[in-house]
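Have a look at the structure below, then the notes.
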Amino acid sequence: MRLRVEFTTEPFDLEEAPAHALVAREVIETAELDAVDVGPFGNTAEGGADRVLGAVDALLRKALEAGATRVSLQVNVIGDEAGEGDR
């Protein structure tokens with residue numbers, strides 16, 4: 001099964017990216033996911049269910065530890081590619 005995660009962390013800071021946003025982005029960028037797109041107001045990534053769910057767990061824990069007061073996220077099932085499994 002493939003999943004897509006979309007997330008934002010708060011509070012926002014328009015002057016510079018806060019520590020919680022940087023930590024969350026680092027987790028996603030290093031999680032070996034596909035189609036990673038990070039931006040100032042939202043981030044998305046896709047991958048096998050196990051990798052996406054593991055990355056979501058890590059980003060929630062690390063973003064909250066780094067000062068996030070809210071993490072908004074959405075996870076969607078986007079399909080199952082033959083032979084991919086839950087990578």
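Position 1 is the first residue of the sequence, and the numbers go up from there.
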Between Ile28 and the options Val56, Asn43, Leu59, the side chain to side chain contact (heavy atoms under 4.5 Å, CB included) test singles out Leu59
**Message:** Using side-chain contact (heavy atoms from CB on, under 4.5 Å), reason through Leu3 and Leu53 one step at a time and then give a plain yes or no.
**Reply:** CA-CA 9 Å; Leu3 302 176; Leu53 295 174; 4.0 Å; yes
Check your understanding: Given Val77 and Arg2, is the side-chain contact (heavy atoms from CB on, under 4.5 Å) satisfied, shown in steps?
Key -> CA-CA 6 Å; Val77 175; Arg2 285 186 57 79; over 6 Å; no
Dump the intermediate steps for side-chain contact (heavy atoms from CB on, under 4.5 Å) on Ile78 and Glu46, then the final yes or no. CA-CA 9 Å; Ile78 56 173; Glu46 298 176 6; 3.5 Å; yes
Notebook entry, point to check: Same hydrophobic cluster for Leu73 and Val23, using side-chain heavy-atom links shorter than 4.5 Å among ILVMFWY?
Noted result: no
Tightest non-hydrogen contact, residues Val27 and Ala55, listed as CG1-O, 3.6 Å
In this structure, CG of Leu33 is separated from CZ of Arg4 (nearest 0.5 Å) by 12.5 Å
Cut-off 3.5 Å, no hydrogens considered: what does the side-chain donor-acceptor table look like for residues 61-72, sequence neighbours left out?
unit_1: Arg61; atom_1: NE; unit_2: Asp57; atom_2: OD1; d: 2.9
unit_1: Arg61; atom_1: NE; unit_2: Asp57; atom_2: OD2; d: 3.3
unit_1: Arg61; atom_1: NH2; unit_2: Asp57; atom_2: OD1; d: 3.4
unit_1: Thr69; atom_1: OG1; unit_2: Glu10; atom_2: O; d: 3.4

Value for OG1 (Thr8) from CD (Gln74), rounded to nearest 0.5 Å, stands at 11.0 Å
Correct closest heavy-atom pair for Val36 and Ala45 would be CG2-CB, 3.9 Å
With sequence neighbours left out, the residues meeting side chain to side chain contact (heavy atoms under 4.5 Å, CB included) with Glu32 are Arg51
Using residues 14-22 as the side-chain source, report each donor-acceptor pair under 3.5 Å to any protein atom, sequence neighbours left out, with the distance given to one decimal.
unit_1: His20; atom_1: ND1; unit_2: Thr9; atom_2: OG1; d: 2.9
unit_1: His20; atom_1: NE2; unit_2: Pro11; atom_2: O; d: 3.1

